[in-house]
Number of protein chains: 2
Amino acid sequence: MGTRKQIVDAANRLFYQQGYERTSFASIAEAVGISRGNFYYHFKTKDEILEAVLQARLGDTRAMLAGWTEAAATPLERVFRFVDIVVTNRGDIELYGCPVGTLTSELAKLGHPSRAQAVGIFGVFRDWLGEQFKELGHSANADDLALQVLAFSQGVATLSNAFGDRDYVERDVRRLKTRLMSLDT
Amino acid sequence: MGTRKQIVDAANRLFYQQGYERTSFASIAEAVGISRGNFYYHFKTKDEILEAVLQARLGDTRAMLAGWTEAAATPLERVFRFVDIVVTNRGDIELYGCPVGTLTSELAKLGHPSRAQAVGIFGVFRDWLGEQFKELGHSANADDLALQVLAFSQGVATLSNAFGDRDYVERDVRRLKTRLMSLDT
DNA sequence: GCGACAGTAGGACAATTGTCCTACAATCTC
DNA sequence: GAGATTGTAGGACAATTGTCCTACTGTCGC
């Protein structure tokens with residue numbers, strides 16, 4: 001595997017687990033197993049790595065959603081896949097929170113120029129969810145419903161990270177699904 | 001005002017606006033207008049400041065909730081006060097997110113020993129909300145309802161920070177209030 | 001074989017980090 | 001007023017930060 005991709009992958013993981021500010025050039029280089037000097041050959045600044053990571057995440061997100069669009073037959077099932085993230089990834093979420101939400105708020109605090117790109121990942125989810133609700137026949141408030149589902153997953157992820165209460169998470173997921181099913185009539 | 005309190009206040013604000021990791025001794029000292037050396041007289045380590053800040057936040061939170069308990073006549077009104085936070089503090093939330101949620105997740109990523117104390121602030125809100133739902137006659141699922149309301153505010157705060165969409169925030173607040181009112185019958 | 005070039009290693013660089021020490025100023029006690 | 005205590009200033013300290021440079025190794029086309 002190309003060194004550049006290895007760097008992006010390691011940075012992606014470390015940014016998620018430790019935060020952007022905390023993660024240093026040295027720790028990324030160590031994780032990949034290359035020298036700090038070589039690092040500079042691939043990325044001039046830390047911001048450049050962040051941009052590459054955000055680009056990768058954007059691509060991964062799009063690919064994941066495209067996969068769901070294909071794999072799940074109905075729009076409701078697709079939304080359910082999204083809602084289930086907090087259960088599927090509960091292990092990581094309990095430890096590090098939601099990758100999108102935590103990075104977005106960290107970049108907001110840092111006043112980082114790439115903040116908009118991080119918000120863009122939220123935007124991809126938002127648009128995709130909106131599409132599903134449109135297909136469900138809720139064109140008028142599709143975006144509003146998308147935001148509600150997005151907010152749900154962010155709220156549950158934050159509490160999951162804080163309390164680690166798996167019963168609550170599953171309870172709330174089931175509750176939202178029930179609400180969404182009553183929408184599909 | 002005592003220097004120590006000034007330090008805690010400045011650190012509290014800076015931890016919120018810039019994050020814990022980003023905020024340095026130097027920037028706190030500069031904000032207060034004292035020398036870095038004097039700083040050491042009041043707090044030996046950065047962790048000590050964090051602990052003092054968390055203690056202060058815990059006290060502030062308890063005082064605020066006690067005030068609401070007195071000021072608002074019904075438990076439903078009290079819960080509404082909480083829900084309204086995302087509207088009342090929208091300016092700060094759009095810029096820096098929720099003070100509790102963002103600090104908790106940052107400390108989680110850092111693996112910081114004070115993480116539990118930060119989660120404790122969430123716990124104070126959780127318990128207080130649970131009390132209100134008990135008074136509302138929902139003893140059986142009071143804590144579950146408390147978690148739902150907590151998750152709501154975290155979700156809306158995260159999206160408010162990401163998108164800055166005030167219409168959505170107000171819409172969702174009104175929506176939750178309607179749901180809560182139907183609970184009070 | 002040779003020159004060009006992508007990739008890597010190691011380390012220099014100034015700046016900043018958290019931590020800690022010593023010396024001075026102010027205030028209080030007796 | 002003398003002495004002790006509390007508070008403050010300024011700077012030293014090693015470690016780490018992001019950034020950048022130079023020298024070496026391998027591989028390629030010719």
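Only heavy atoms go into these numbers, but all of them, side chains included; no hydrogens, no water, no symmetry mates. In what follows, chains carry the letters A, B, and so on, assigned in the order in which the sequence lines appear, proteins first and then strands, with residues in each chain numbered from 1.
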Any residue meeting side-chain contact (heavy atoms from CB on, under 4.5 Å) with Ala116(A), in chain and number order, not counting sequence neighbours:
none
Which pairs with one or both residues in residues 102-118 of chain A pass salt bridge (Lys or Arg N to Asp or Glu O under 4.0 Å), sequence neighbours excluded?
none
May I have all residue pairs that pass salt bridge (Lys or Arg N to Asp or Glu O under 4.0 Å) and include part of residues 149-161 of chain A, sequence neighbours excluded?
none
Pairs where residues 74-92 of chain B contributes a residue and the test salt bridge (Lys or Arg N to Asp or Glu O under 4.0 Å) is met, not counting sequence neighbours:
Arg78(B)-Glu135(B), Asp84(B)-Lys177(B), Arg90(B)-Glu170(B)
Letter by letter from the 5' end, nucleotides 12-25 of chain C scores (B base, S sugar-phosphate only, - none; protein heavy atoms under 4.0 Å) B----SBBB-----
Counterpart residues, salt bridge (Lys or Arg N to Asp or Glu O under 4.0 Å), relative to Glu51(A) (two or more places apart):
none
Rounded distance (Å) that lies between atom C1' of dG7(D) and atom CD1 of Ile7(B):
11 Å
Can you tell me if the side-chain N/O atoms of Tyr41(A) get under 4.0 Å from OP1 or OP2 in dT8(C)?
no
Ignoring backbone atoms, test whether His42(B) places a side-chain nitrogen or oxygen under 4.0 Å from the OP1 or OP2 oxygen of dT6(D).
no
Would you say dG11(D) has OP1 or OP2 under 4.0 Å from some side-chain N or O of Ser35(B)?
no
side-chain N/O Thr3(A) vs dG7(C) OP1/OP2, d < 4.0 Å:
no
Are side-chain N/O atoms of Tyr168(B) and Asp172(B) paired as donor and acceptor at under 3.5 Å?
yes
Without decimals, in angstroms, what is the distance between Phe43(A) CZ and dG7(C) P?
12 Å
